Peer 1: 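Handing you this structure, nothing more for now.
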Amino acid sequence: MAFLKVTLLVTVAGTIIASILGLVIAILIMVLPKPLAWIVKWAANFIRMTPIIVQLIFLFWTFLWLDPIQIGIIVFGIHYATYMSEVYRAGIESVPKGQWEATTALSMSAVRTWRKVIIPQALRSTVPSLGNYAISMFKDTPFLFVISAAEMVTVAQTIGSETFRYNEAITIAGLIFLAASYPTAVLINRLEKRLAYAN
């Protein structure tokens, strides 16, 4: 089951990086002076609009000393951070203006305002979308085949080439993807309902 371990490792580590980096990108775009914010936004758009398979190949041949799995984690983490930054931005913008005005009236510092008031409220509406991106990342891991990382579909193809039973091998890989994705989707759906109830 080493191939499943690779798939899950890239997904979990990539999701952690994307969740943190995406929030940093969203905040930078909102607080930096316009010229600097434009540079960050342009870089995020460039990464988001470039195919992930191209990014994998580029980093694989640029950083030859890195392991393919490390390349996969970095690329998936940064690529999905650009998508998650848009989710965070929408969540932050959904926080009522009165909350900002209240923190100003209470003379709260900018750091405390973000940490104690804005981010907790923004996260409530963003968690379901972030979860969906994590599932999308999981389903995109077969792209790791271009850098020779032994994830599930690559192993299934190898088994198929050795046994000439491609359909069976790919079907099993698809069922494993489904078995891992479905419970996560159900969990996100329940979390979304709970957050809606809490609001």
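It should be emphasised that the depicted structure is a prediction, and the values quoted were computed from it without experimental measurement.
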Peer 1: I'd like to check L56 versus F60 (side-chain heavy atoms, cut-off strictly below 4.5 Å). Are they in contact?
Peer 2: no
Peer 1: Could you measure the distance from the CG atom of L178 to the NZ atom of K139? Nearest 0.5 Å is fine.
Peer 2: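 Taking CG in L178 and NZ in K139, the distance rounds to 10.0 Å.
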Peer 1: Side-chain heavy atoms under 4.5 angstrom apart, residues restricted to Ile, Leu, Val, Met, Phe, Trp, Tyr: same cluster for W61 and I69?
Peer 2: yes
Peer 1: Work out which heavy atom in H79 is nearest to a heavy atom in R48; give both atom names and the distance.
Peer 2: CE1-O, 4.0 Å
Peer 1: Passes side-chain contact (heavy atoms from CB on, under 4.5 Å), F138 versus L8? Steps please.
Peer 2: CA-CA 7 Å; F138 178 63; L8 292 176; 4.0 Å; yes
Peer 1: Kindly compute the distance separating OG (S85) from CE (M30), expressed to the nearest 0.5 Å.
Peer 2: 11.0 Å
Peer 1: Tell me, do V6 and T141 make a side-chain contact under 4.5 Å, heavy atoms counted?
Peer 2: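 No - every pair of side-chain heavy atoms lies 4.5 Å or more apart.
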Peer 1: Mind checking who shares a hydrophobic cluster with V12, ILVMFWY linked at side-chain heavy-atom distances under 4.5 Å?
Peer 2: I16, I20
Peer 1: Same cluster or not: are M49 and I78 linked, directly or through other Ile, Leu, Val, Met, Phe, Trp or Tyr residues, by side-chain heavy atoms under 4.5 angstrom apart?
Peer 2: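 No, no single cluster joins them.
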Peer 1: If every non-hydrogen atom of V95 is compared with every non-hydrogen atom of A122, which pair is closest and at what distance?
Peer 2: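 Scanning both residues completely, I find the closest heavy atoms to be CG2-N, 4.1 Å.
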Peer 1: Shortest non-hydrogen contact from I29 to A37?
Peer 2: O-CB, 3.5 Å
Peer 1: Nearest 0.5 Å please: distance from the CG atom of N45 over to the CH2 atom of W38.
Peer 2: 9.5 Å
Peer 1: Give me the atom names and distance for the closest heavy-atom approach of M137 to V10.
Peer 2: SD-O, 4.2 Å
Peer 1: Side-chain heavy atoms under 4.5 angstrom apart, residues restricted to Ile, Leu, Val, Met, Phe, Trp, Tyr: same cluster for L106 and W114?
Peer 2: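 Yes, because L106 and W114 connect within a single hydrophobic cluster, where side-chain heavy atoms sit under 4.5 Å apart.
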Peer 1: Show the nearest heavy-atom pair for residues I25 and A44, with the distance to one decimal.
Peer 2: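 Of all heavy-atom pairs spanning I25 and A44, the closest is CG2-CB, 4.4 Å.
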Peer 1: Start with the C-alpha gap between F143 and V75, add the side-chain angles, then the distance that decides, and say whether side-chain contact (heavy atoms from CB on, under 4.5 Å) holds.
Peer 2: CA-CA 11 Å; F143 285 133; V75 170; over 6 Å; no
Peer 1: Does the side chain of Y80 reach to within under 4.5 Å of the side chain of S136, using non-hydrogen atoms?
Peer 2: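 They are in contact (side-chain heavy atoms under 4.5 Å apart), so the answer is yes.
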Peer 1: Could you tell me whether R89 and E93 have a side-chain N and a carboxylate O separated by less than 4.0 Å?
Peer 2: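 Salt bridge present between R89 and E93.
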Peer 1: Could you tell me the separation between the CE atom of M84 and the CG atom of L130, rounded to the nearest 0.5 Å?
Peer 2: 5.5 Å
Peer 1: Find out if a path of hydrophobic residues (ILVMFWY) with successive side-chain heavy-atom gaps under 4.5 Å connects I176 to Y166.
Peer 2: no
Peer 1: Measuring from atom CG of L23 to atom OG1 of T126, what distance do you get when rounded to the nearest 0.5 angstrom?
Peer 2: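 The CG atom of L23 sits 8.5 Å away from the OG1 atom of T126.
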Peer 1: Are I71 and L64 joined in one hydrophobic group, where the rule is that I, L, V, M, F, W and Y side chains link up if heavy atoms are under 4.5 Å apart?
Peer 2: yes
Peer 1: Kindly determine whether Y88 and S19 satisfy side-chain contact (heavy atoms from CB on, under 4.5 Å), including the steps that lead there.
Peer 2: CA-CA 9 Å; Y88 283 124; S19 301; 3.9 Å; yes
Peer 1: Indicate yes or no: at least one non-hydrogen side-chain atom of I47 is less than 4.5 angstrom from one of T50.
Peer 2: no
Peer 1: Looking at side-chain heavy atoms only, is the closest gap between L144 and F76 below 4.5 Å?
Peer 2: yes
Peer 1: What is the ring orientation for F63 with W65, classed by angle as parallel under 30°, tilted 30 to 60°, or perpendicular over 60°?
Peer 2: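 Rings of F63 and W65: perpendicular, over 60°.
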Peer 1: Quick check: do Y133 and T15 have side-chain heavy atoms less than 4.5 Å from each other?
Peer 2: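 Not in contact.
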Peer 1: Between Q70 and D67 (side chain of the first, backbone of the second, donor and acceptor by atom type, cut-off under 3.5 Å), is there such a pair?
Peer 2: yes
Peer 1: Under the side chain to side chain donor-acceptor pair (under 3.5 Å) test, which residues partner Q121, sequence neighbours left out?
Peer 2: Q99
Peer 1: Any chance you could measure L21, atom CG, to T82, atom OG1, to the nearest 0.5 Å?
Peer 2: 9.0 Å
Peer 1: So, for I92 and A26, which heavy atoms are closest and what is the spacing to 0.1 Å?
Peer 2: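 Closest approach of I92 to A26: CD1-CB, 4.5 Å.
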Peer 1: Do L9 and I73 touch side chain to side chain, with heavy atoms closer than 4.5 Å?
Peer 2: yes
Peer 1: Any chance you could lay out the side-chain contact (heavy atoms from CB on, under 4.5 Å) test for I27 and I119, step after step, and finish with the verdict?
Peer 2: CA-CA 10 Å; I27 293 174; I119 291 176; 3.9 Å; yes
